[in-house]
There are 2 protein chains.
Amino acid sequence: MIVDDHPLMRVGVASIINARSDMAVVAQTGTGEEAVTLFAHHQPDVTLMDLRLPQMSGVDAILAIRSRFPQSKFVVLTTYEGDEDIHRALEAGAKGYIIKGMPYQTLVEALLRVHTGGRFLPPPVARALASRMPDSELSSREKEVLRHLVAGMSNKEIAGLLGITEATVKCHVSTILMRLDVSDRTQAVVTALQRGLIHL
Amino acid sequence: MIVDDHPLMRVGVASIINARSDMAVVAQTGTGEEAVTLFAHHQPDVTLMDLRLPQMSGVDAILAIRSRFPQSKFVVLTTYEGDEDIHRALEAGAKGYIIKGMPYQTLVEALLRVHTGGRFLPPPVARALASRMPDSELSSREKEVLRHLVAGMSNKEIAGLLGITEATVKCHVSTILMRLDVSDRTQAVVTALQRGLIHL
DNA sequence: CATCCACGATCATTATTTTTATTTTTGGAT
DNA sequence: ATCCAAAAATAAAAATAATGATCGTGGATG
């Protein structure tokens with residue numbers, strides 16, 4: 001099954017797969033919601049999943065499907081959006097992760113390896129994952145503050161919105177800056193976007 | 001000719017086009033540099049151009065080609081990256097602009113219309129272009145300062161780097177905030193990224 | 001018990017606005 | 001080709017607001 005919100009990309013992937021005698025596309029869609037229902041109908045051997053989808057994200061779709069079909073196998077196919085996406089996808093249960101822009105042989109390799117129970121992480125992906133500092137894990141509250149930071153809100157506005165004191169917001173911001181290893185909020189916003197912690 | 005750095009996307013586009021009796025793909029590549037040389041060899045009727053390419057951007061490729069072949073016709077095919085990209089592409093001479101994620105019939109329509117000398121701007125694209133405030137044009141110096149803002153530099157650092165006073169940097173930042181219609185540098189960074197004024 | 005969350009207070013630094021003024025550049029108009 | 005007007009870049013000063021660092025305290029949670 002192919003899940004990608006770009007119809008042309010689905011056509012490309014489908015023609016690569018259907019050109020082989022040992023693979024076939026049994027279903028395709030552009031939304032995570034439909035992916036969940038389609039999976040139940042077709043139970044494909046391997047699902048190729050884009051992460052950036054309208055509404056429900058690819059990670060959420062993987063989680064939803066795997067909660068009902070724990071044996072389901074996923075290969076993520078996406079544009080590079082930072083190490084956070086890689087981490088979340090693998091944590092959700094994806095066994096392969098390839099990046100649009102890699103030669104299409106890589107796609108075939110990944111599907112074969114994952115189908116036979118293996119994993120597939122190309123060197124650039126593995127490297128991005130390894131460079132992730134474990135210290136950069138943010139608490140849920142900190143992620144919430146970070147989202148408002150990215151929205152361009154001041155400490156005072158965030159305090160009002162969350163119903164806490166400005167002092168507390170400052171405290172959160174300070175720990176965010178420490179964890180992201182930056183020195184001001186603007187840099188925090190940029191690295192959060194770069195690493196895929198927050199999506200625009 | 002197809003120019004896109006995602007091989008799978010090229011396969012998808014090519015199979016849509018080659019399935020028709022009235023069109024054919026004569027060349028394809030993933031870089032702007034090769035697009036320029038390939039164009040000279042094949043002189044395709046219409047060139048399908050992605051904007052986000054490694055090294056040389058799609059806009060630069062269009063400009064380079066049109067400087068030697070002013071009659072050349074371009075349709076931009078890209079993921080939505082903000083109104084600034086649309087504006088720059090049309091200014092560079094593109095006659096069509098479609099977004100990956102639109103149904104593939106749109107691609108065929110656009111190619112036909114542009115080939116017969118017409119234009120093709122889907123409503124969402126036209127709307128994004130219309131919502132561009134003419135007041136938001138930044139001078140080249142201001143864009144330079146904005147790039148350093150996105151890099152997370154302080155006014156003092158920018159002043160040192162550009163060899164000007166901190167007071168001057170403050171002035172530039174203030175006009176940038178006014179033109180982008182925001183109230184602080186963090187918001188400026190976010191909207192600059194959203195609208196495609198600066199690329200990460 | 002370690003971590004997260006919340007709060008308070010001080011303090012130095014940085015950011016932003018406003019105003020004023022000089023120099024350079026640019027785009028037309030004559 | 002030259003002149004004029006508008007725009008942009010530069011700079012300075014002064015005042016207000018916001019930010020970030022660094023202390024410390026306490027409650028809640030798993």
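Numbered from 1 within each chain, the chains take letters A, B, ... in sequence-line order.
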>> Can you give me the bend angle of the helix from dC1(C)-dG30(D) to dT30(C)-dA1(D)? Use the axis through the first five pairs and the one through the last five, nearest 10 degrees.
In response: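 Between the first-five-pair axis and the last-five-pair axis there is 60°.
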
> Who pairs with Asp184(B) by side-chain hydrogen bond (donor to acceptor under 3.5 Å, both in side chains), at least two apart in sequence or on another chain?
Replying inline: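 None.
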
Taking [atom1] from [X] and [atom2] from [N], how many angstroms apart are they, rounded to a whole number?
X	N	atom1	atom2	answer
Ile176(A)	dC5(C)	CD1	P	10 Å
Met178(A)	dC4(C)	CE	C1'	12 Å
Ile158(A)	dC5(C)	CD1	C1'	16 Å
Leu146(A)	dC4(C)	CG	P	15 Å

> Where do Gln187(A) and Ala151(B) come nearest, in terms of heavy atoms and distance?
Replying inline: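 Taking every non-hydrogen atom into account, CG-O, 4.4 Å.
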
>> Restricting to non-hydrogen atoms, name the atom on Val114(A) and the atom on Phe74(A) that form the minimum distance, rounded to 0.1 Å.
In response: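 Answer, listing the atom of Val114(A) first, then Phe74(A): CG1-O, 4.3 Å.
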
> What does nucleotides 6-18 of chain C look like as a protein-contact string, B for base, S for sugar-phosphate only, - for none, at under 4.0 angstrom between heavy atoms?
Replying inline: BBB-----SSBB-

> In terms of ring plane angle, is the pair Phe39(B) and Phe69(B) parallel, tilted or perpendicular, where the classes change at 30° and 60°?
Replying inline: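 Because their plane-to-plane angle lies in the 30° to 60° range, the rings of Phe39(B) and Phe69(B) count as tilted.
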
In a table with atom names and distances, give each donor-acceptor pair under 3.5 Å that connects a side chain of residues 164-178 of chain B to protein atoms at least two apart or in another chain.
from, atom 1, to, atom 2, distance (Å)
Ser174(B), OG, Lys170(B), O, 3.3
Thr175(B), OG1, Glu142(B), OE2, 3.2
Thr175(B), OG1, His172(B), O, 2.7

> side-chain hydrogen bond (donor to acceptor under 3.5 Å, both in side chains): which pairs involve residues 66-77 of chain B, sequence neighbours left out?
Replying inline: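 Matches after skipping sequence neighbours: none remain.
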
>> Show every side-chain hydrogen bond (donor to acceptor under 3.5 Å, both in side chains) that has at least one partner inside residues 47-63 of chain A, sequence neighbours left out.
In response: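 Applying side-chain hydrogen bond (donor to acceptor under 3.5 Å, both in side chains) to every pair that reaches into residues 47-63 of chain A, excluding sequence neighbours, yields Asp50(A)-Thr78(A), Asp50(A)-Lys100(A), Arg52(A)-Glu81(A), Ser57(A)-Asp60(A).
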
> CG of Leu161(B) to CE of Met153(B): how many Å apart, nearest 0.5 Å?
Replying inline: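 Result: 4.5 Å between the selected atoms.
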
